[in-house]
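The chains referred to below are lettered A, B, ... by the order of the sequence lines, with proteins before strands, and numbering in each begins at 1.
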2 protein chains.
Amino acid sequence: MWAREDELESLATGMVVAGDFKVATDVVLFTAREEDLAVLLVRRPRPPFDGCWALPGGLLAVDEPLEAAARRWLDEASGLRKLYVEQLYTFGRPDRDPRGRVLSVAHLALLRWQSRATLPSEAAWWPARALPVLALDHGEIVQTALCRLAAKLQYSTIALQLMPDRFTLSHLQAVYEMILGGPLDKRNFRKRMQALRCIEPTGESWRGGNHRPARLYRIREPGCVEIVK
Amino acid sequence: MWAREDELESLATGMVVAGDFKVATDVVLFTAREEDLAVLLVRRPRPPFDGCWALPGGLLAVDEPLEAAARRWLDEASGLRKLYVEQLYTFGRPDRDPRGRVLSVAHLALLRWQSRATLPSEAAWWPARALPVLALDHGEIVQTALCRLAAKLQYSTIALQLMPDRFTLSHLQAVYEMILGGPLDKRNFRKRMQALRCIEPTGESWRGGNHRPARLYRIREPGCVEIVK
DNA sequence: ACAAAAGTGTTAGTGTTACACCCATGA
DNA sequence: TCATGGGTGTAACACTAACACTTTTGT
């Protein structure tokens, strides 16, 4: 199917032989727990990096779309299916995998903490800012994902993909703060959220302790990440 | 080198066979001509899509970094080496190439029109907003690149990669306008550029016709794309 | 003198930031 | 009544957008 000319197309620069590649899809799955932003990791069951923590992911099947593979590996590592998934970046350093040439088409995924399932024993949630040493270049992939997520907070409604059906504004603010890594002004935050018109009060409220109950909000268009501003 | 377990890792979801893939790097090379934004295309010398216009690019060699491959294919199609290149997106629909499964790690590149070389006969510049029908999914790739470029004008100094050593503010404004596809206010544009502090007057000026000569500017830190605002 | 593009400031409006107190509840 | 987090408005500032005339040159 592949003509010899295709494999030697680049005669101008000398002999360049096109390779056959393994392609992996690795996924950075974030969730917002009570106190911190967490990332799903799995212990690698095989060499190389046997027993080392790594991102969920693995080889792409021959007829599989990229995002479908990312979702399949996530499903396997966590039992989860309905998630927000987007392509992040493709990591392809020739020496990134000691077994040979493997590209990784990394994806960024978000999970509502409340809809998590019980994890298989080899998977666990880790605090996003205190990860163990990861296999391969997975540490770099997580950093890239964190930057992307923080950047997207500024101009999209992506953070809502981390929120449950009903939530308070303080809860939403806490999620923003754990992603951005710093405190936000309460009044300004609430003004901005209202201006975006992406959430609406349900009318209900939630008693959360020895203090005034908080209004509950819901997402106006769930499942839809809008670009704003 | 690849254990059988690796190729059949996903037992939970049934038999999934990891494939071997061809990987291409295709490049959307933009340049700012006098009147319009242009994209470099090449005529495919081989089936499929024999004789059809396509993006410069081709298969990745076995030990080659992704960006290096993008630069190699550009060099071959245009004789050009010193360019701005960044990864754009990875296109991987299983049916995107009739020959079989080929992923394309698309790149966005920028060239100063003044430093173009003479093209080989199979390559040509086309107006970015009036392209012919392209091979494969290359039309979609160009659209993605156009969106990325326009978005990056808003928060980075990437447009300077399209400018020659010395240029006038009107020239720079024309480049912004051809990317964004609409007119900008002259005074506001100049104010913004000055605020960014990414260019400086050379002291020289340029006589361009029956009118007042324009001051020439240069880039303060050439080769460096800054994120601003 | 005319045509053609270069160059230049001000104002109104909009969005952003900083900041402090009262409210409703449970213990 | 006290502790706790929920909820609210305003003023200064910065940024953006709209807008028109004078300058310098070549013909």
- Message: Check the phosphate of C:dA5 against B:S170, side-chain N and O only, distance under 4.0 Å to OP1 or OP2. Yes or no?
- Response: no
- Let me know the distance between CH2 of A:W206 and C1' of C:dA24, rounded to the nearest Å. 15 Å
- Between A:R212 and D:dG7, is there a side-chain N or O to OP1/OP2 distance below 4.0 Å? no
- Query: Between B:Q154 (CD) and D:dT16 (C1'), how many Å, whole number?
  - Reply: 13 Å
- Query: Taking everything shown except B:R197 itself, do over 12 heavy atoms lie less than 6.0 Å from its CZ?
  - Reply: no
- Task: Establish, with yes or no, whether the OP1 or OP2 oxygen of C:dT8 is under 4.0 angstrom from a side-chain nitrogen or oxygen of B:R215.
- Result: yes
- Task: Ignoring hydrogens and angles, tell me if any N or O in the side chain of B:H138 forms a donor-acceptor pair with the backbone of B:L55 under 3.5 Å.
- Result: yes
- Walking DNA chain C from its 5' end, the first of B:L216 and B:H211 to be reached, judged by nearest nucleotide, is B:H211
- With distance as the sole test, does A:R72 use its side chain to make a donor-acceptor pair with the main-chain N or O of A:E64 at under 3.5 Å? no
- In whole angstroms, the gap separating P of D:dA3 from CZ of A:R207 amounts to 22 Å
- CA sep, side-chain torsions, deciding dist, call: A:V225, A:T157, side chain to side chain contact (heavy atoms under 4.5 Å, CB included): CA-CA 5 Å; A:V225 173; A:T157 59; 4.3 Å; yes
- A:T90 (side chain) donor-acceptor with A:V105 (main chain) under 3.5 angstrom: no
- Message: I need the single residue from B:R166, B:R218, B:R215 that forms a salt bridge (Lys or Arg N to Asp or Glu O under 4.0 Å) with B:E204. Which is it?
- Response: B:R166
- Task: Apply side-chain hydrogen bond (donor to acceptor under 3.5 Å, both in side chains) to A:Y89 and list each qualifying residue two or more places apart in sequence or on a separate chain.
- Result: none
- Could you tell me the separation between the OH atom of B:Y217 and the P atom of C:dA6, rounded to a whole number of Å? 12 Å
- Message: Rounded to whole Å, please give me the gap between CD in A:Q173 and P in D:dG7.
- Response: 11 Å
- Query: Checking A:D137 side chain against A:E140 main chain: does a donor-acceptor pair fall under 3.5 Å?
  - Reply: no
- Message: Measure CZ/A:F167 against P/D:dG6 and give the value in whole Å, please.
- Response: 14 Å
- Message: Working note: A:R96 + A:V102, criterion side chain to side chain contact (heavy atoms under 4.5 Å, CB included); need CA distance, chi angles, decisive distance, verdict.
- Response: CA-CA 7 Å; A:R96 62 178 290 281; A:V102 191; 4.2 Å; yes
- Task: Toss me the dot-bracket line for DNA chain C: Watson-Crick and G-U wobble, both under 3.5 Å, 5' to 3', using | for pairs to another strand and [ ] for crossers.
- Result: |||||||||||||||||||||||||||
- Does any residue of residues 177-196 of chain B have a heavy atom under 4.0 Å from DNA chain D, and if so, which ones, in number order? B:D185, B:R187, B:N188, B:K191
